[in-house]
Amino acid sequence: MVALVAAVVAAFVVVRRPLPQVSGSLKVAGLQDEVTVTRDARGVPTITAATPHDLFLAQGYVAAQDRFFEMDYRRHVVSGRLSELVGENADALEADKVIRTFGWRRVAERELGLVEESTRTALEAYADGVNAYLDGKAPSQIAVEYTVLGLQVDVDAPEPWDAVDSLAWLKAMAWDLRGNYDDELSRARAYASVRDVARVDELFPAYPYDLNASILTGDDLVTPTAAAAPGAVLDLDDAGIQRALDSASKALAAVPHLVGEGEGVGSNSWVIAGEHTATGKPLLANDPHLGISAPGVWAQVGLRCSTVDEACPYDVSGFSFAGFPGVVIGHNADLAWGLTNLGADVTDFFLERVENGRTLRGEETAPITTRREVIKVNGGDDVSIEVRQSVHGPIVSDVLEVDAVERAPLPDGIVGREYEVALAWTALAPGRTADAVLAMATARDAEDVARVGRLLDVPSQNIVFATTDGHIGYQAPGRIPVRNVVPGDVPSDGTWPRPGWDPAYDWQGYVDPEVMPRALDPVEGFVVAANQAVTPAGVGPFLTDDWDYGYRSQRIRTQVESAIESGTPITVEDVGTLQNDQHNPYADVLVPWLLRIGIEDTFADDGQQLLRSWDRVSSEDSAAAAYFAAVWKTLLSLTFADDLPDGDMPDGGSRWLEVVRGLLDDPDSEWWDDRTTPGLLEGRDEILYQAMVTARLELTQQLGRDADEWRWGRLHSAAPEHPVLGGSSIPGLVRNFVNPDPVGVGGSSSIVDATAWDASQGYEVTAGPSMRMVVDLGDLDSSTWVSFTGTSGHPASPHYADQLGAWADGRTFPWPFSSAATTADAVDRLTLHP
C-alpha cells in the first residue's frame, strides 16, 4: 500500500510539474518594460504591454507556458524532423521524407528575408519570449509528454525557438487548406477503374448554381482571359502514368494533418448589416471546421498596447495559433473579421516524362535538380534521401516505394524513359502571409482589408468583415495560378493532372489581386461565405471548379433571409442559434425517395417508419438521424464500391450528395448496378431497398433491436486525440490521460453544425467547428466565443478540455474586450518584469 501511494504521489507530481505560474510576478529576459497577463476563468490570457516588442515577446512566453510541446511537435513535423522527436517509427519516417521533399522549412527561411521589417521584428520578439520561458528548464518541467517519450527515446532540452519555426508552421496550415489536390488525383484514379472520362465527370458534377447561391453576384467583377494553346495527348491508360499517380498518392497521404483533412474541412462565416440587427450595428459569425485534436488547434488570446497609438497600434482579441504571433481570427476596436477556406485550386500535378535524368519539354529537355537530405532518427541510424525537382516543383512519386506497381516504360519502349509526378503549389514559393496576419490585427476599414488580401498569398481564404461604424464586406485573397485554355483530351483547368512535357500547360503567372472578388455593403444586407462558389459561373477570375456544393451555405442564407423578412431585429443569440442549426439537407434530397420504397417485413421497415415522422434534424438524441446516416453510408457503399479503386470509397461529403441527387433521376444508371453480381441488373429502387434493410441490421447490432431507442450521438462522437500519445499503440493509462473523454454530438457533414464524418470509415467526427464566435459590432463586450477543447496544452491543467462540454452542447461564453471588462473578468494576474 505504501508503494502504491508513493507511485500515485510521484505520478501526480510528474503530471503537474509543467503547469505554469499564472499569478504573482516573474522576471523575463528580454523585456524592456513591465507586462501584465490576466487570465479569465477558462485560463484565456489578455496581455498588456507598452511596446510591440514586449507584447509579442510576452505572447511567445505565454504560448510556451501553455502549449510548448504542441509547438515543438509541429515544428518537428513541418521541418521533416518528426523522427528526431519520436524515434524509430515508420509513419514518422515517411512523413519526414515527404516533407523534406516539399522543403517547407527551406521556403520559410527565404520568407524571413521577404516579410516587412516590423513582421520580422515581431517574429523574433515572439521567439525570444518562447526561449525566455525555456531557459534553464528540464524537459520534464516543460511538458509531461517529454517525460513519457523519455521512457522510449533520448529526450534532450528543446532547442531554441526561432522565427523560421513560426513561418514554417504557415506551410502546414496552407497544406491542409490547399484546395482540390485530392479531387485531381481522385479523377485520375477513378479513370483507371472505370476507363471513361464521361463517367468520371459524373462523380464530379458542376456546382448547382440553380440551387445554392454563390457568395457574390459578381456584377462588377473582371474576368482575365487566358490564351488558347494546342493541347497535348495524355494517355491515362498508360501503366507508367498510373504507377506514378499511385506513388504520388501514397506519398501525399503520409503527410500528417495538423489542421484537418478530408470532407468537412471548411468553415461557416456570415455578416449581417446593422439595419437588420437589434443594436443597429453589424453582427459577424465564424466557426472554422477543422480536425478534432487535443488540444484544439486554436489558442484564445487578447493583445493590448497599454496606450494604443502609431507606435503601438495593437488592441485585438481572438484566436491565434500556438507558435505564431498575433491573432488570426477575431476583432479589434474598429473591425471584426472571419475566415473560411476559399478552396481555390492552387496545386497542380504535372506528369513528367523522364529520360536519362532529364524531363521532356516540347522538343527539348530540362534538367532535374537534386539535393541530399539527411533525416536523423532518435535512437536509430540516419536516413539519407535524394530529393529531385523538375521545373514544375518537387517530384513526389519517387519519395516512397509502391510495391504493387513496377515502373513501366512508355509504350514505344524507349529505354531509360519513365513517368514521374511533380507538385506545383503556390505555397512552395516564398510569400507574405505573415505580413497579412499582423496587418489584419490593425485593420480599420475595407481599404485595409484589401491590403491584407494582397498580402495573404496562401492559404486562400474568404474574408468577411464588419466595422463598428456600420460597414460589412467581403474580400477574396490568395495567389491563384492562371492557366492556359488548352484544347485537348484532358481538361486544362487544373481538375486533372497536367502533361508537364507540353509547356502550353505551364502556369501563366497569377491572377491580379486587383480583380479578386470583393464587396462592400451589398444590397442584400448580408454576406454568407461557407466554402461555396464565390461568384456565378463564368464571372470573375477562374478560381476552381471544385467547390463545396453549397448546401450548408444555402441553409445559412435561407435562414438569414427569413429572419430579415420577418422584420424582427437579429440578436447575438439568434446568430449563435443558427451556428448550431442541425437541419439535414441530405434528408431533404433522399428521404422522399426512400419513403417511396415498399418494405413488407415488419422488422426491416422499423427504420423507414422513423423517417416518416422525422423533422430532418440530425440532433444528438434523434433515432431517425442515426438510421438515416446508416442508410447513407450503406447506399454509397452499395452504389460505388464495385466501381472505384480500393481506398477511394466515398467520404459522403457534399460532392457525393450532389452525385446521388443526379443519379436519383436516372433509375437505370450504370452506377446503380452491382458489378459483383453478374447476371443481375440492379437499379435505383433495388439499391435504396438494400440500403434501408442493411442499415436496419447494422444498427440492430450496434444500438439494439428497438429502433425507437437508437440515438445519433451514440454513433457520432467527437473524440479529441493527442497527436503523439493518443493513438491505439500507446498504453491505455497514458492514452486515457491525454485524450479527453469523447462526447456524443448532433450535426453531420454539410450541415451548419458541421460535425463531419467519413462514410467510408464510420460515424465518428473527423472535423467540426474548431471554435465558434459571434461579434457584436454595437457592443464588443457582448460578443461570444468558445473553443473546441480549452486554452491549455497540459493534460493535467483544468483548462485542457474545460470548454469541450459547452462546445458539444452548443453553448458559448462571454467574450470581454474592453480594458474594464477584461479586468473585471480576470481571476489570475501575472506581472512580467524585465
Side-chain angles (χ1 to χ4, degrees), residues 8-26 36-47 59 61-71 73 133 137 140-148 292-302 317 319-322 718-726 733-743 745 770-773 784-816 822-832:
V8 170
V9 170
F12 181 79
V13 171
V14 166
V15 300
R16 292 191 58 81
R17 191 181 188 198
L19 297 184
Q21 179 179 336
V22 296
S23 61
S25 63
L26 287 168
T36 61
V37 182
T38 61
R39 291 176 182 264
D40 69 10
R42 286 160 295 284
V44 177
T46 296
I47 303 169
Q59 187 185 9
Y61 187 91
V62 170
Q65 277 189 311
D66 286 341
R67 293 196 171 196
F68 181 74
F69 183 80
E70 176 188 12
M71 296 162 58
Y73 165 72
Y133 181 73
K137 289 183 173 64
S140 63
Q141 295 175 283
I142 299 169
V144 71
E145 288 91 341
Y146 293 120
T147 301
V148 177
I292 300 297
S293 63
V297 68
W298 296 108
Q300 295 159 281
V301 68
S317 182
F319 297 85
S320 181
F321 291 124
E721 184 174 294
H722 190 283
V724 176
L725 303 181
L733 186 65
V734 174
R735 192 170 65 245
N736 293 337
F737 175 62
V738 300
N739 291 342
D741 292 336
V743 289
V745 295
S770 53
M771 62 81 164
R772 297 184 183 100
M773 75 174 197
T784 62
W785 63 353
V786 68
S787 189
F788 173 58
T789 52
T791 299
S792 178
H794 297 291
S797 168
H799 305 306
Y800 185 61
D802 59 339
Q803 298 185 50
L804 179 58
W807 173 90
D809 294 339
R811 294 182 286 116
T812 54
F813 299 102
W815 182 0
T822 54
T823 298
D825 201 47
V827 297
D828 290 302
R829 181 184 180 93
L830 177 67
T831 303
L832 305 180

Might you point out which heavy atoms bring [X] and [Y] nearest each other, and give the distance in Å?
| X | Y | result |
| --- | --- | --- |
| P18 | Y133 | O-OH, 4.0 Å |
| S293 | F788 | O-CE2, 3.5 Å |
| E70 | P295 | OE1-CG, 3.7 Å |
| V22 | D828 | O-CB, 3.5 Å |
| Q21 | L26 | OE1-CD2, 3.2 Å |
| V786 | A806 | CG2-CB, 4.4 Å |

Would you check if [X] and [Y] make a side-chain contact, meaning some heavy-atom pair closer than 4.5 Å?
| X | Y | result |
| --- | --- | --- |
| H794 | V144 | no |
| F813 | T784 | no |
| P795 | E145 | yes |

Consider only side-chain N and O atoms of W815 and S317, and report whether a donor and an acceptor are under 3.5 Å apart.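 There is such a pair between these side chains.
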Between S140 and R17, is any side-chain donor less than 3.5 angstrom from a side-chain acceptor?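 Side-chain D/A pair, S140 to R17: present.
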Please determine whether a side-chain nitrogen of the Lys or Arg among R39 and D825 lies less than 4.0 Å from a carboxylate oxygen of the Asp or Glu.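 D825 and R39: not salt-bridged.
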Using 0.5 Å steps for rounding, measure from the [atom1] atom of [X] to the [atom2] atom of [Y].
| X | Y | atom1 | atom2 | answer |
| --- | --- | --- | --- | --- |
| Y800 | T791 | OH | OG1 | 13.0 Å |
| S797 | R67 | OG | CZ | 10.0 Å |
| D741 | N736 | CG | CG | 8.0 Å |
| L19 | H799 | CG | NE2 | 10.0 Å |
| T812 | Q803 | OG1 | CD | 10.5 Å |
| T789 | I292 | OG1 | CD1 | 9.5 Å |

Pair W298, S320 - check side-chain hydrogen bond (donor to acceptor under 3.5 Å, both in side chains), show working. CA-CA 6 Å; W298 296 108; S320 181; over 6 Å; no
Judged by atom type as modelled, is there a donor-acceptor pair below 3.5 Å linking the side chain of R42 to the main-chain atoms of D802? no
Please assess T46 against V37 for the test side chain to side chain contact (heavy atoms under 4.5 Å, CB included), listing each intermediate value before the final yes or no. CA-CA 6 Å; T46 296; V37 182; over 6 Å; no
Could you go through the side chain to side chain contact (heavy atoms under 4.5 Å, CB included) check for I47 and V301 one step at a time? CA-CA 8 Å; I47 303 169; V301 68; 4.2 Å; yes
Using the ring centroid of each side chain, check whether Y146 and F69 are separated by less than 6.0 Å. yes
Over 60° means perpendicular and under 30° means parallel, so tell me whether W785 and F319 are parallel, tilted or perpendicular. perpendicular
One pair to check against side chain to side chain contact (heavy atoms under 4.5 Å, CB included): L830 and Q65. What are the steps and the verdict? CA-CA 12 Å; L830 177 67; Q65 277 189 311; 4.1 Å; yes
Which of these passes side-chain contact (heavy atoms from CB on, under 4.5 Å) with P45: T822, T38, V62, D40? V62
